[in-house]
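In what follows, a single structure is set out as structure tokens and then discussed.
Whatever order the structure lists ligands and atoms in, that order sets their numbers, starting from 1. Here the structure is a predicted model, which is why all the values come from computation and not from measurement. Quick note: residue numbers are just sequence positions, from 1.
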Amino acid sequence: MNISIKEKILSQLINAKGEPVSGQKLADELNISRTMIWKHLKSIEEDGYVIEAIKKKGYVLQSIPDIVTPEQIIPNLNTKQLGRTIDYYTTCESTQIIAADKAREGAPHGTVVIAEEQTDGRGRLDRSWNSTANKGIWMSVIIRPAISPQFAAQFTLVSAVAITQAIQEVTNLTPEIKWPNDILINGKKVTGILTELQADMDIVHSIIIGIGVNVNQELSAFEESIQKTATSLKIENGEEIDRSLLAAKILYYLEKYGDLYVENGFKPIKILWESHNCTIGKRIRATTLRETLEGVALGITNDGVLEIKLDSGEIRGVYSADIHLLGKN
Ligand code: BTN
């Protein structure tokens with residue numbers, strides 16, 4: 001990873017946790033003049049950071065802007081590969097499109113594309129995804145697991161488990177997963193995941209995991225048509241959440257559970273998914289491309305397929321569908 005001098009200075013200020021960092025020490029360590037240090041500090045301030053200069057002591061980071069730049073995410077990151085390359089945009093059409101192009105061009109495993117705002121965010125089933133500026137996590141992660149294409153869909157469930165765990169840790173809220181990978185809090189959708197596959201018949205080239213988390217929106221940020229079904233973490237727990245910390249935690253759990261899946265198969269993921277799910281045992285309506293099925297969700301198979309017991313008693317497996325929870329069976 002190529003870290004710029006500006007990033008190194010910022011990283012030192014962040015790691016000092018409110019203690020002064022000496023300008024001379026920075027200059028010596030980075031082998032540049034005090035004037036250059038001062039110029040980098042000005043540039044950091046232009047990005048929205050507030051830095052106080054204390055005579056004879058050094059520079060103290062007083063406040064950080066609410067942005068999801070690599071400089072903000074990387075100090076919180078505890079991963080080997082995921083998020084070690086981050087491509088950041090203040091605005092873009094869709095991180096998913098950029099990530100797909102990058103994956104085709106050979107971007108390494110773990111590359112992240114993240115934006116403050118998407119003007120054409122994409123959802124599942126060709127829907128659009130509301131991506132308000134500076135309020136959510138809109139990111140796409142390129143992974144290159146050594147698995148065959150038939151198992152790629154299971155990564156959707158791996159991602160749902162990882163994000164649920166990250167939200168739980170950062171907020172103390174208790175999210176639930178609606179099959180396959182919608183994350184709900186108090187029955188309302190807070191996160192959507194869109195996984196796309198680039199593969200040949202027998203080999204996965206990459207999986208692009210598109211993650212949209214509603215973090216700090218007020219209810220009015222959502223279109224009226226979805227205000228009853230969508231929510232944000234802030235609406236649910238009443239406080240602003242540090243988006244870069246949450247993004248780093250998501251990447252941490254995505255790496256952890258992704259590795260667990262590749263090494264030990266779907267079984268441990270299935271157990272975790274089941275422990276967070278709110279679909280099994282409920283009466284549901286499943287709308288697939290071909291038909292609409294109503295019945296009781298029995299569980300997921302070892303391939304992640306949802307099994308539904310229809311009113312006729314017949315048991316059907318669903319690979320991909322839009323699920324509507326109808327209540328208890
Ligand atoms: C869903 O419909 O539930 C999936 C929504 C996925 C949204 C994310 S935001 C980041 C990435 N870029 C996109 O355009 N979509 C995904």
Side-chain angles (χ1 to χ4, degrees), residues 68 73 82-83 86-104 107 110-143 152-153 155-164 166-167 175-185 187-198 206-217 221-223 225-226 228-233 243-244 246-248 250-251 254 277-279 286-289 306 320-325:
V68 284
I73 295 175
L82 262 60
I86 299 181
D87 196 11
Y88 168 81
Y89 295 82
T90 47
T91 183
C92 70
E93 243 177 70
S94 158
T95 58
Q96 202 72 359
I97 300 175
I98 299 173
D101 287 344
K102 284 190 165 291
R104 270 186 291 273
T111 301
V112 167
V113 180
I114 192 161
E116 300 289 355
E117 176 192 42
Q118 297 184 116
T119 53
D120 190 16
R122 313 266 160 107
R124 282 177 67 226
L125 309 168
D126 251 354
R127 295 184 183 135
S128 64
W129 179 262
N130 183 315
S131 321
T132 320
N134 310 311
K135 297 289 175 192
I137 293 174
W138 324 127
M139 74 174 170
S140 300
V141 186
I142 300 170
I143 56 165
F155 247 101
T156 306
L157 306 190
V158 172
S159 311
V161 169
I163 300 167
T164 301
I167 292 177
E176 293 180 307
I177 307 171
K178 186 177 82 162
W179 186 89
N181 58 6
D182 281 350
I183 299 178
L184 313 182
I185 295 177
K188 291 179 164 193
K189 181 160 166 171
V190 77
T191 294
I193 304 168
L194 179 69
T195 28
E196 288 176 21
L197 177 65
Q198 293 181 357
S206 67
I207 303 175
I208 296 143
I209 305 170
I211 299 168
V213 188
N214 298 326
V215 183
N216 287 327
Q217 293 102 320
F222 298 105
E223 283 159 31
S225 58
I226 58 167
K228 284 208 166 76
T229 52
T231 192
S232 74
L233 299 175
R243 289 181 300 140
S244 28
L246 180 58
I250 290 174
L251 293 169
L254 203 50
N277 103 93
C278 63
T279 312
T287 310
T288 70
L289 284 176
L306 180 68
S320 169
D322 204 18
I323 300 293
H324 192 73
L325 299 175

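Atom 1 (C) of ligand 1 has as its closest protein heavy atom Arg124 N, 3.5 Å. The shortest contact between atom 12 (N) of ligand 1 and any protein heavy atom is with Gln118 OE1, 2.9 Å. Of all protein heavy atoms, the one lying nearest to atom 5 (C) of ligand 1 is Trp129 CE3, 3.4 Å. The protein heavy atom nearest to atom 3 (O) of ligand 1 is Lys189 NZ, 2.6 Å.
Atom CG of Asn181 is separated from atom CD1 of Ile183 by 7.5 Å, given to the nearest 0.5 angstrom. To the nearest 0.5 Å, the span separating CD1 on Ile143 from OG on Ser159 amounts to 6.5 Å.
Around atom CG of Leu289, no more than 12 heavy atoms belonging to other residues, nucleotides or ligands sit under 6.0 Å away.
Tyr89 and Glu117 share no donor-acceptor pair across their side chains, judged by distance under 3.5 Å alone. Side-chain contact annotation: Ser140 with Gln96, donor-acceptor N/O pair under 3.5 Å present.
Heavy-atom proximity to Gly121, at under 4.0 Å, picks out these atoms of ligand 1: 14 (O). In the vicinity of Thr95, heavy-atom distances shorter than 4.0 Å reach the ligand 1 atoms 10 (C), 11 (C), 12 (N). The contact set between ligand 1 and Arg122, taken as ligand atoms under 4.0 Å from a residue heavy atom, comprises 5 (C), 6 (C), 7 (C), 13 (C), 14 (O), 15 (N), 16 (C). Atoms of ligand 1 lying under 4.0 Å from at least one heavy atom of Ile193, given by number and element, are 3 (O), 4 (C). If you number the atoms of ligand 1 from 1 as listed, the ones under 4.0 Å from a heavy atom of Ser94 come out as 12 (N), 13 (C), 14 (O). Near Met139, meaning under 4.0 Å from any of its heavy atoms, are these atoms of ligand 1: 10 (C).
Looking at His324 and Thr287, their side chains never come closer than 4.5 Å, going by heavy atoms from C-beta outward.
For Ile211, every heavy-atom contact with ligand 1 shorter than 4.0 Å involves the backbone, none the side chain.
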Check your understanding: Where do Arg127 and Asp322 land on the side chain to side chain contact (heavy atoms under 4.5 Å, CB included) test, with the steps shown first?
Key -> CA-CA 12 Å; Arg127 295 184 183 135; Asp322 204 18; 2.6 Å; yes
_Audit row: Ile209, Val158, side chain to side chain contact (heavy atoms under 4.5 Å, CB included) steps and yes/no_ = CA-CA 10 Å; Ile209 305 170; Val158 172; over 6 Å; no
